[in-house]
Amino acid sequence: MPRQKKGARRQPHPNPEGVLSVTYGGYGFVDCPEGQFFIPEGKMLGAMHGDRVQIAPLKGASRGASGDSRGPRQGNRPTARVVSVLSRAVTSLTGTFERLDPFGVVIPDDPRISYDVFISLDQAPDLMEGQTVRVVIDTYPSRYEAAFGHVVEVLEAQPRFAFDVNRIISEHNLPASFSEEALREAASLAESWGEAPCDGQRRDLRQRTIFTIDPDDAKDFDDALSVEPLAKGWKLGVHIADVAHFVKLGSCLDREAQTRSTSVYLADRVIPMLPEALCNGVCSLQEGVDRFCMTVDICLDGDFQVMSYEMYPSVICSSKRLTYNQVQRYFDAEDRLADRECQASVCEDRASASERNSAREAHTAAVASDGSDLPQEIRQALLALRQISRGLQRQARRRGSVQLVSKEAKVVLDDEGKPCDVKIRVATDATKLVEEAMILANQCVAKYLEERGVPCMYRVHEAPDPGKLTDLLQELRDLGFADDVDTARFVEGDHHELQKVVDAQRDETLGEIVSGMLLRSMKRAVYKESCLGHYALGLQEYCHFTSPIRRYPDLLVHRALKACLAGEPVATSTAQMASLADHCSVAEREADKAASESQRMKLMEYLSERIGEMEWGTIVRVTDTGAYVELPCTVVGLASPCTEGGESFTCFMSRQVLVGDVSGKVLRLGQKVLVRIAEVNGFTQRLSLDLLSVR
């Protein structure tokens with residue numbers, strides 16, 4: 001082998017790539033396959049929050065180094081600099097206009113964007129100092145040049161705009177409206193829709209007892225359920241709106257849906273993937289109206305194992321539009337009756353038949369008063385579906401599905417869009433019933449298409465990185481949460497070992513904290529053109545099929561399934577699927593961020609009206625800057641460690657505790673504390689709390 005010359009040029013290592021996340025402190029992070037890098041404020045090269053960037057690690061620099069003293073030193077992440085911006089996430093922004101002759105300047109509202117945008121005064125001669133405007137960026141900042149743009153909209157005054165969801169819509173570049181062509185196309189489809197024809201191409205299921213179960217405020221109903229008893233088991237029917245019948249590949253509606261990729265559910269509005277004439281009209285499975293569907297009939301045995309399944313185009317008529325709350329009230333009433341009957345049976349010598357009849361009458365009255373006075377066939381179907389759901393959940397545990405503890409806050413708005421209440425959503429029998437049915441249908445469709453080698457878009461969730469699980473296990477053990485876990489199996493990502501950590505936390509609050517730590521160590525589920533399995537669900541085949549009204553990947557899966565059933569080739573190639581999968585994954589992340597930010601914005605607005613009020617909260621994280629406390633409405637705020645009686649506290653990060661320097665009092669994860677709402681910053685979305693006492 002010839003010896004390599006001393007001065008020979010080596011193959012250069014490619015620079016890491018990832019999405020830049022800028023903090024409110026001005027510094028940022030980039031997550032790459034090589035790990036997470038810290039980016040000092042002065043090393044961003046004009047990149048903004050959300051941009052996809054290429055970075056170069058700085059030799060000999062640890063996080064917070066490189067001569068930049070603004071970034072805090074936390075951990076040992078390597079420091080890097082941005083060397084190029086690959087794609088821009090921010091194309092427009094909102095901010096405050098100021099005159100700076102001979103230019104105007106827009107100072108961004110979002111503190112994560114540290115670059116002012118200059119504009120020509122000739123283009124906006126009537127703008128006044130202090131006005132809030134939306135500006136489109138024409139030239140991005142660089143090492144030698146400032147950002148330039150032009151004003152496209154004048155918005156309301158800044159103080160009100162601090163809690164305006166329009167700001168989020170603008171920051172995430174969400175579409176404000178549909179094109180005229182798309183609206184005309186949707187209106188034409190709606191107007192031409194008459195009685196649903198039922199020919200040899202589509203099975204008539206209008207005699208089945210089929211119903212929808214959705215949130216109280218839902219308007220787009222894209223899935224319905226039915227269940228029929230078999231000799232030894234059940235036939236579960238999952239009926240999904242046949243959106244592909246209306247939205248044809250290459251049509252204007254299809255192009256718009258592809259661009260949007262998903263509906264965005266904000267705190268005060270929905271930005272739909274399809275025009276209202278379709279999503280809330282002819283595609284929506286409304287009660288008492290004939291609708292086209294794609295049906296998946298799944299035959300289950302007495303142990304809830306899939307014996308067979310069948311998929312086909314259908315026409316249905318929903319018997320009833322149910323809500324999660326309505327169904328849960330019915331289940332609760334049934335459970336109360338069962339408890340009373342159990343007690344009566346234990347004390348049968350003292351309970352007469354008339355007393356049992358009285359209990360049944362009281363139950364019937366309770367059901368009616370709850371607004372759940374349902375037809376008998378629907379009641380029976382719901383009880384059967386709950387039994388199936390519980391059986392499927394037990395199966396999921398056995399195969400290794402990771403089931404985390406979580407809750408979600410939803411802000412209730414008044415007629416003027418002001419927050420007036422907060423509802424906490426948790427998993428119930430009603431929500432799990434629908435979720436398990438949809439997971440099973442998605443699994444069956446993915447398996448059917450994968451076995452036939454049909455080009456399709458799959459939902460993929462990769463196993464966690466062993467390095468992250470190693471760090472997580474050490475953190476959990478420092479906290480005393482994983483003493484009996486098998487180290488090797490945990491680091492390998494064994495589902496049952498991860499689940500063991502969650503199950504060990506009998507306290508719901510600690511269960512949520514541990515679940516959050518596990519979730520942060522996992523990779524994000526994405527769309528792929530290859531069937532690579534879903535780690536969190538413990539499934540080899542999985543896709544999204546059940547929400548084609550609001551997700552473009554589901555629409556693609558419907559088209560693939562219909563083509564396969566008809567013996568026709570799929571119009572979208574595997575290469576095209578790969579490109580669309582990347583686009584849909586990015587769009588989903590952006591929609592999720594916008595939805596989450598809008599809820600938090602309205603939650604902060606809700607709390608801004610409660611300055612000075614006291615609440616019991618839970619410590620969910622500890623840092624050297626203080627204890628982060630979660631309020632009942634799920635918002636987390638920083639309680640300074642020196643606010644309790646003026647005493648200073650020392651942080652022990654490994655054990656996640658704060659210890660009082662004088663009293664020795666310990667503040668730890670999961671502890672209940674009384675706090676006072678001190679300050680709410682509408683722009684930074686930060687909550688400051690005063691720590692008053694510990695329970």
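We count residues from 1, following the sequence as given. Since the model is a prediction, treat every value here as computed from it, not as a measurement.
- When all heavy atoms of His461 and Ala525 are compared, the closest pair comes out as CD2-N, 3.7 Å.
- For the 3.5 Å distance criterion, the side chains of Asn681 and Gln685 fail to qualify, holding no donor opposite an acceptor.
- Judged by distance alone, with hydrogens and angles left aside, the side-chain atoms of Asp51 form no donor-acceptor pair with the main-chain N or O of Val53 at under 3.5 Å.
- For the pair Arg477 and Phe481, the cation does not sit on the ring face, since its NZ or CZ is not both under 6.0 Å from the ring centre and inside 45° of the axis.
- Between the side chains of Thr650 and Asp661, at least one donor N or O lies within less than 3.5 Å of an accepting N or O.
- The cationic group of Arg260 lies under 6.0 Å from the six-membered ring centre of Phe178 and within 45° of the ring axis, placing it in a cation-pi geometry.
- The salt bridge (Lys or Arg N to Asp or Glu O under 4.0 Å) contacts involving residues 668-681 comprise Arg676-Asp690, where partners must be two or more places apart or lie in separate chains.
- The ring of Phe37 has its center no closer than 6.0 angstrom to the ring center of Phe29.
- Proximity of Pro272 to Asp220: side-chain heavy atoms (C-beta onward) are nowhere separated by under 4.5 Å.
- Judged as a ring-ring contact (aromatic ring centres under 6.0 Å, His included), not a single pair has a partner in residues 407-428 (not counting sequence neighbours).
- Here the side chain of His583 pairs a donor or acceptor atom with the backbone of Thr259 at under 3.5 angstrom.
- Judged by distance alone, with hydrogens and angles left aside, the side-chain atoms of Tyr115 form a donor-acceptor pair with the main-chain N or O of Gly46 at under 3.5 Å.
- Within the model, atoms OH of Tyr527 and OG of Ser261 stand 7.0 Å from one another, a figure rounded to the nearest 0.5 Å.
- Looking at residues two or more places apart in sequence or on another chain, you find no salt bridge (charged side-chain N to carboxylate O under 4.0 Å, His left out) involving Arg550.
- Atom CG of residue Leu413 and atom CG of residue Asp421 lie 10.5 Å apart, to the nearest 0.5 angstrom.
- When the shell of 6.0 Å around NZ of Lys407 is examined, it contains more than 12 heavy atoms from other residues, nucleotides or ligands.
- If you check the side chains of Asp216 and Thr323, you find a donor sitting under 3.5 Å from an acceptor.
- In terms of modelled atom types and a separation under 3.5 Å, the side chain of Glu590 and the main chain of Ala587 share no donor-acceptor contact.
- Using modelled atom types, one finds a donor on one side chain and an acceptor on the other under 3.5 Å when comparing Gln393 with Ser389.
- Checked against Gln474 for a side chain to side chain contact (heavy atoms under 4.5 Å, CB included), the options Asp471, Asp478, Leu476, Leu472 give a single hit: Asp478.
- The residue from Val680, Ile677, Leu603 that alone fulfils the side chain to side chain contact (heavy atoms under 4.5 Å, CB included) condition with Ser608 is Val680.
- For Thr94 and Asp109, the side-chain atoms include at least one donor-acceptor pair closer than 3.5 Å.
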